[in-house]
Amino acid sequence: MRRLVVGAHYGLRDWLAQRITAVIMAVYSVILIFILFSRTPITYDAWRDLFSQGWMRVATLLFAFSFAWHAWVGVRDIIMDYIKPAGLRLTLEVLVLLTIAAYVGWTIQILWR
């Protein structure tokens, strides 16, 4: 007899994604805190100069993508666990994805405007 296993099978992939994105966000946060504390006072000009550098824009974009993926995995798991009607679950997942995509798009616009 063959056993049929059902489910999303996201386990290890999502666990690993959560850990990797958390490390990326933690490293970025430590670097940003170090940079901001080494520049006193923190003025608009200092902030603008920091984010005018290409490496900082790329690092911030990597942070934004990591944050988006981290948030998506977490919120999707919560929705899958607690929202049982399939139509409502799909609607909420689409709304969350659209919101996250809008925030990432806004981040790109801010960084490269």
Distance from [X] atom [atom1] to [Y] atom [atom2], nearest 0.5 Å?
{"X": "W15", "Y": "L12", "atom1": "CH2", "atom2": "CG", "value": "7.5 Å"}
{"X": "T43", "Y": "D49", "atom1": "OG1", "atom2": "CG", "value": "7.5 Å"}
{"X": "I110", "Y": "Y103", "atom1": "CD1", "atom2": "OH", "value": "11.0 Å"}
{"X": "R113", "Y": "I108", "atom1": "CZ", "atom2": "CD1", "value": "13.5 Å"}
{"X": "Q53", "Y": "T60", "atom1": "CD", "atom2": "OG1", "value": "10.5 Å"}
{"X": "L50", "Y": "D45", "atom1": "CG", "atom2": "CG", "value": "12.5 Å"}

Self-check item: Flag if over 12 foreign heavy atoms under 6.0 Å of CZ, F51
Solution: yes
ring-ring contact (aromatic ring centres under 6.0 Å, His included) filter on F67, not counting sequence neighbours, yields none
- Task: Evaluate side chain to side chain contact (heavy atoms under 4.5 Å, CB included) for M56 paired with L32, printing each intermediate quantity in order.
- Result: CA-CA 9 Å; M56 190 61 182; L32 185 63; 3.4 Å; yes
A side-chain contact here means heavy atoms from C-beta on lying under 4.5 Å apart; do F63 and T107 qualify?
no
For the student: nearest non-hydrogen atoms of [X] and [Y], plus distance:
{"X": "L111", "Y": "R57", "value": "O-NE, 3.0 Å"}
{"X": "G87", "Y": "T91", "value": "O-OG1, 2.8 Å"}
{"X": "S66", "Y": "M25", "value": "CB-CG, 4.1 Å"}
{"X": "A68", "Y": "I100", "value": "CB-CG2, 3.4 Å"}

Could you state whether [X] and [Y] fall into the same hydrophobic cluster, counting links through intermediate Ile, Leu, Val, Met, Phe, Trp or Tyr residues with side-chain heavy atoms under 4.5 angstrom apart?
{"X": "W47", "Y": "F37", "value": "no"}
{"X": "L88", "Y": "L97", "value": "yes"}
{"X": "I35", "Y": "I42", "value": "yes"}
{"X": "I79", "Y": "W72", "value": "yes"}
{"X": "L61", "Y": "I31", "value": "yes"}

With sequence neighbours left out, the residues meeting side chain to side chain donor-acceptor pair (under 3.5 Å) with D81 are none
Q109 meets the side chain to side chain donor-acceptor pair (under 3.5 Å) criterion, sequence neighbours left out, with none
Derivation of the side chain to side chain contact (heavy atoms under 4.5 Å, CB included) call for R89 and E93: CA-CA 6 Å; R89 185 172 54 235; E93 287 176 349; 3.8 Å; yes
Test side chain to side chain contact (heavy atoms under 4.5 Å, CB included) on L62 and Y28 and set out the steps. CA-CA 9 Å; L62 178 62; Y28 176 86; over 6 Å; no
| field | Centroid-centroid under 6.0 Å between F65 and W69 rings | value | no
